[in-house]
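What follows is a set of notes on a single structure, which appears directly below.
Along the sequence shown, residues are numbered consecutively beginning with 1. Atom set for the values below is all heavy atoms of this structure, side chains included, hydrogens, waters and symmetry mates excluded.
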Amino acid sequence: MKDLVARLALVGVLAFLPVAASATMTDAEATAAVQNMLIARKSSEEVLGALIEDGRSLQEATVLAVQAVSGHAKLNVARVGICMARDNSEAEAIARGCVDVCSPVTDKIIEGLVQNYVTGGCDRPDSYDSSSVPSQGSVSPSL
């Protein structure tokens with residue numbers, strides 16, 4: 001019950017992020033916010049948007065979010081962050097940051113995500129977004 005109340009309070013705080021944009025969360029607070037937002041079934045775009053509104057760059061937000069989650073959620077957040085990039089160099093920088101915090105097994109997958117961005121694969125219809133898929137991956141409570 002105590003965890004539920006804490007999560008609801010955190011979601012309430014996140015709703016007021018645009019109002020309090022000058023009050024940046026610490027990395028630990030942002031990590032907890034990412035995990036709670038994904039548990040609350042927020043999309044990767046919403047998660048990254050909240051971190052950006054909090055004062056982080058797209059690259060910082062993506063890398064922090066990738067570090068905060070596990071499983072398929074890591075790759076989904078990385079994909080969304082890469083697809084939100086303004087140009088190829090920003091997409092590549094985001095991918096490098098993600099590779100640095102992910103296991104070596106995902107290197108090729110993340111390279112494929114950048115290739116997808118470069119070739120226009122991010123310009124797919126909204127139905128391509130897997131954020132609506134219930135299995136975004138687990139969130140590790142040990143983080």
Side-chain angles (χ1 to χ4, degrees), residues 3-4 6-143:
D3 288 335
L4 178 61
R7 286 186 183 151
L8 289 174
L10 186 56
V11 170
V13 168
L14 288 173
F16 292 103
L17 276 178
V19 174
S22 62
T24 304
M25 290 184 281
T26 65
D27 286 349
E29 292 168 336
T31 296
V34 167
Q35 293 169 346
N36 287 324
M37 287 179 75
L38 290 176
I39 288 169
R41 300 242 184 240
K42 299 293 182 186
S43 70
S44 296
E45 290 89 350
E46 290 173 299
V47 170
L48 294 177
L51 294 174
I52 291 167
E53 286 178 16
D54 190 52
R56 288 172 172 77
S57 69
L58 175 59
Q59 181 178 352
E60 293 167 336
T62 305
V63 171
L64 187 142
V66 165
Q67 285 178 305
V69 298
S70 61
H72 295 295
K74 270 189 186 300
L75 293 175
N76 188 55
V77 170
R79 178 190 61 80
V80 170
I82 290 167
C83 285
M84 289 173 69
R86 291 177 301 240
D87 56 35
N88 290 348
S89 62
E90 185 178 29
E92 290 170 359
I94 292 168
R96 279 192 304 276
C98 291
V99 166
D100 289 345
V101 299
C102 288
S103 66
V105 176
T106 61
D107 292 3
K108 294 288 184 200
I109 297 170
I110 292 174
E111 287 174 17
L113 295 172
V114 171
Q115 208 44 38
N116 186 52
Y117 176 88
V118 170
T119 59
C122 289
D123 299 331
R124 298 191 190 257
D126 290 339
S127 62
Y128 174 73
D129 180 15
S130 64
S131 65
S132 61
V133 177
S135 61
Q136 285 189 9
S138 61
V139 175
S140 175
S142 65
L143 292 175

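Side chain of Q59 to backbone of G97: no donor-acceptor contact under 3.5 angstrom is found. The backbone N or O of A32 lies less than 3.5 Å from no partner atom in the side chain of Q35, so there is not a single donor-acceptor pair. Side-chain N or O atoms of S43 include one that pairs as donor or acceptor with a backbone N or O of E46 at under 3.5 Å. In terms of modelled atom types and a separation under 3.5 Å, the side chain of Y117 and the main chain of A85 share a donor-acceptor contact.
I82 contributes atom CD1, which lies 11.5 Å from atom CG of N88 (distance to the nearest 0.5 angstrom).
Residues meeting the side chain to side chain donor-acceptor pair (under 3.5 Å) test with D100, sequence neighbours left out: none. Residues meeting the side chain to side chain donor-acceptor pair (under 3.5 Å) test with T119, sequence neighbours left out: none.
Side-chain atoms of E29 and T26, non-hydrogen and from C-beta on, do get closer than 4.5 Å to each other. Within the 4.5 Å cutoff, no side-chain heavy atoms of T106 are placed close to those of K74. Between L58 and R86, every side-chain heavy-atom pair lies at or beyond the 4.5 Å cut-off. Residues M84 and I52 meet the side-chain proximity criterion, which asks for heavy atoms closer than 4.5 Å.
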TODO: Evaluate side-chain contact (heavy atoms from CB on, under 4.5 Å) for N76 paired with R79, printing each intermediate quantity in order.
DONE: CA-CA 5 Å; N76 188 55; R79 178 190 61 80; 2.9 Å; yes
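The pair D107-R96 does not meet the salt-bridge criterion, since no charged nitrogen lies less than 4.0 angstrom from a carboxylate oxygen.
Scanning both residues, A78 and V66, for their nearest heavy atoms gives N-CG2, 3.8 Å. Heavy atoms only, all atoms of each residue included: V77 and A65 are closest at CG1-CB, 3.4 Å.
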